[in-house]
Amino acid sequence: MLSFKEVYQAHEDELTDSEEYICDYILAHSSQVKNMSITCLASNTSVVPNTITRLCKKLNYKGYTELKYNLDTFSEDSQAFSQRILFENTVKLINKKKEVQIVNLFSKAKKVVFCASGETGNVGRYFTYAFNAVYNNSVFCSYTEEIWDILNHYSNLIVCMLSFSGDSEQTLKIAKLVKEKNIKLITVSDVSHFSPLAKMADIPLFCYSPNIFYKGYNLTNKMPMFVVLNSLLEQAINYQK
């Protein structure tokens, strides 16, 4: 189950300033909010109860009671190896509205640049191939000199950066360059990392796949990122029909 903090991050770019303030208040006073009525929370955040109700709907909660239940912190260790939990939490993060926005951008772009490094590069290479079947405009770059050349020599680009943590110096450096050139940035990252890369995105997408390290090896499950990108691919195919 996703924590409130993770759900908030996944929807933060869709919220109003007032709704963000409410969420920040809830996180800062989570132990008190668990026992707080909706009227009391509304009073403490200078809004009316209906504003809290609308916020719950935006966060895909059935109501205020479910929001309060999700203020509990769920252990990553107990969930990390469970395929079912990874899949179910990731499906909850799929955002069809954002998918429509992204495939509309992809369809009009001269090039869609998928960027990823390390083992995540295998995910990027596969979906570069898959999206080429739809638009024939996708290229893959690892975080090397190649990405710099593309950004400097092509116009009408869309960049899609894939990174579970979204916090490496190289990743953020490239994202900064993308934003400086006014290129639309799409990101896919793990919601439990509270990725700084996602904060830079025009449209951030999220999966649920906490880090797993075993004897020095990074065994983080890549399946959740596949699920998010495959859903986007299906949207692209349907958009073309």
Side-chain angles (χ1 to χ4, degrees), residues 6 8-15 20 90 93-118 120-132 134-209 222 224-233 235-236 239:
E6 291 164 343
Y8 172 28
Q9 183 188 216
H11 293 276
E12 186 176 3
D13 62 309
E14 304 169 67
L15 303 180
E20 286 186 22
T90 294
L93 293 168
I94 289 175
N95 188 313
K96 294 298 181 182
K97 182 180 178 181
K98 288 184 180 181
E99 287 182 351
V100 170
Q101 293 173 341
I102 292 169
V103 298
N104 184 49
L105 291 172
F106 280 10
S107 68
K108 297 175 181 177
K110 184 173 183 179
K111 284 193 180 295
V112 177
V113 185
F114 286 88
C115 300
S117 64
T120 310
N122 294 328
V123 182
R125 289 183 185 91
Y126 173 78
F127 282 99
T128 299
Y129 169 83
F131 276 97
N132 259 329
V134 183
Y135 301 120
N136 196 32
N137 65 353
S138 302
V139 295
F140 174 78
C141 294
S142 57
Y143 300 147
T144 61
E145 294 292 332
E146 189 177 9
I147 181 64
W148 300 100
D149 290 339
I150 290 175
L151 295 181
N152 287 320
H153 291 95
Y154 288 93
S155 59
N156 191 19
L157 298 177
I158 301 294
V159 175
C160 184
M161 299 185 71
L162 314 179
S163 174
F164 283 92
S165 62
D167 60 3
S168 76
E169 182 179 353
Q170 189 178 29
T171 298
L172 297 176
K173 187 176 180 179
I174 291 173
K176 183 179 179 181
L177 177 64
V178 170
K179 299 303 294 178
E180 287 174 352
K181 290 183 172 292
N182 293 317
I183 298 170
K184 290 288 186 182
L185 177 62
I186 314 300
T187 62
V188 185
S189 55
D190 167 42
V191 73
S192 67
H193 277 95
F194 308 104
S195 160
L197 176 64
K199 296 283 188 182
M200 301 174 71
D202 292 287
I203 308 178
L205 297 178
F206 296 95
C207 63
Y208 181 80
S209 190
K222 306 299 187 293
M225 188 173 284
F226 264 88
V227 170
V228 170
L229 288 167
N230 197 65
S231 179
L232 182 62
L233 177 63
Q235 188 73 252
Y239 187 81

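Below, all heavy atoms of this structure are taken into account, side chains as well, without hydrogens, waters or symmetry copies.
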For Lys176, which residues count as a side chain to side chain contact (heavy atoms under 4.5 Å, CB included) partner, sequence neighbours excluded? Glu180, Met200

Can Glu14 and Asn95 be counted as having a side-chain donor-acceptor contact under 3.5 angstrom? yes

Nearest heavy-atom approach of Asp202 to Ile183 is OD2-O, 3.8 Å

Supply the atom-to-atom distance Ile174 CD1 to Ser168 OG, rounded to the nearest 0.5 angstrom. 8.0 Å

Has the side chain of Asp190 got a donor or acceptor atom that lies under 3.5 Å from a matching backbone atom of Ser165? no

When rounded to the nearest 0.5 angstrom, what distance separates CZ in Phe140 from CG in Asn122? 8.0 Å

Report the residues that fulfil side chain to side chain contact (heavy atoms under 4.5 Å, CB included) with Ala198, sequence neighbours left out, ordered by chain and then residue number. Thr187, Ser189, Ser195, Pro204, Phe206

Side-chain heavy atoms of Val228 within contact of Leu93, under 4.5 Å: no

So, using side chain to side chain contact (heavy atoms under 4.5 Å, CB included) as the criterion, who are the partners of Lys96 when residues are at least two apart? Ile94, Glu99, Ser231, Gln235

Pair Val178-Val113, side chain to side chain contact (heavy atoms under 4.5 Å, CB included): steps then yes or no: CA-CA 11 Å; Val178 170; Val113 185; over 6 Å; no

Nearest 0.5 Å, please: how far is OH in Tyr208 from OG in Ser192? 5.5 Å

Partners meeting salt bridge (Lys or Arg N to Asp or Glu O under 4.0 Å) with Lys222 (sequence neighbours left out): none

Quick one: do Leu205 and Ile102 satisfy side chain to side chain contact (heavy atoms under 4.5 Å, CB included)? Show the steps, please. CA-CA 10 Å; Leu205 297 178; Ile102 292 169; 3.7 Å; yes

Ala175 to Leu197 - nearest heavy-atom pair and separation: CB-CD1, 3.6 Å

Roughly how far apart are Gln101 CD and Asn104 CG, rounded to 0.5 Å? 9.0 Å

Contact between Ile186 and Val159 at the side-chain level, heavy atoms closer than 4.5 Å - yes or no? no

If I compare all heavy atoms of Tyr154 with all of Lys111, which pair ends up nearest, and what's the gap? CE2-CE, 3.4 Å

Test log, rule side chain to side chain contact (heavy atoms under 4.5 Å, CB included), inputs Met225 and Thr120: CA-CA 9 Å; Met225 188 173 284; Thr120 310; 3.8 Å; yes

Minimum-distance pair of heavy atoms, taken over all atoms of Pro224 and Ser209: CG-CB, 3.7 Å

Of all heavy-atom pairs linking Phe194 and Gln9, the shortest is CA-OE1, 2.8 Å

Donor-acceptor pair, side chain of Asn137 and main chain of Ala109, under 3.5 angstrom: yes

Would Val112 and Asn132 count as a side chain to side chain contact (heavy atoms under 4.5 Å, CB included) here? Give the steps. CA-CA 9 Å; Val112 177; Asn132 259 329; over 6 Å; no

Is there a side-chain contact between Val191 and Thr90 in this structure, where contact means two heavy atoms from C-beta onward sitting under 4.5 Å apart? no

Note, Cys141 side chain near Ile150 side chain (heavy atom, < 4.5 Å): yes

In Å and rounded to the nearest 0.5 Å, what is the NZ to CG distance from Lys184 to Asn156? 12.0 Å

For atom NZ of Lys98, decide whether the heavy atoms of other residues, nucleotides or ligands shown that lie under 6.0 angstrom number more than 12. yes

Donor on one side chain, acceptor on other, Asn152 and Lys181, under 3.5 Å: yes

Ring pair (Phe, Tyr, Trp, His ring centres under 6.0 Å) against Tyr126, all qualifying residues, sequence neighbours excluded: Phe226

According to side chain to side chain contact (heavy atoms under 4.5 Å, CB included), who are the partners of Phe131, at least two apart in sequence or on a separate chain? Phe106, Phe114, Phe127, Tyr135, Ser138, Leu232, Leu233, Ala236

All heavy atoms of Leu105 vs all of Ile203, minimum pair found to be CD1-CD1, 4.0 Å

Inter-residue atom distance Thr171.OG1 - Leu162.CG, 0.5 Å rounding: 10.5 Å

Between Thr128 and Gly124 (side chain of the first, backbone of the second, donor and acceptor by atom type, cut-off under 3.5 Å), is there such a pair? yes

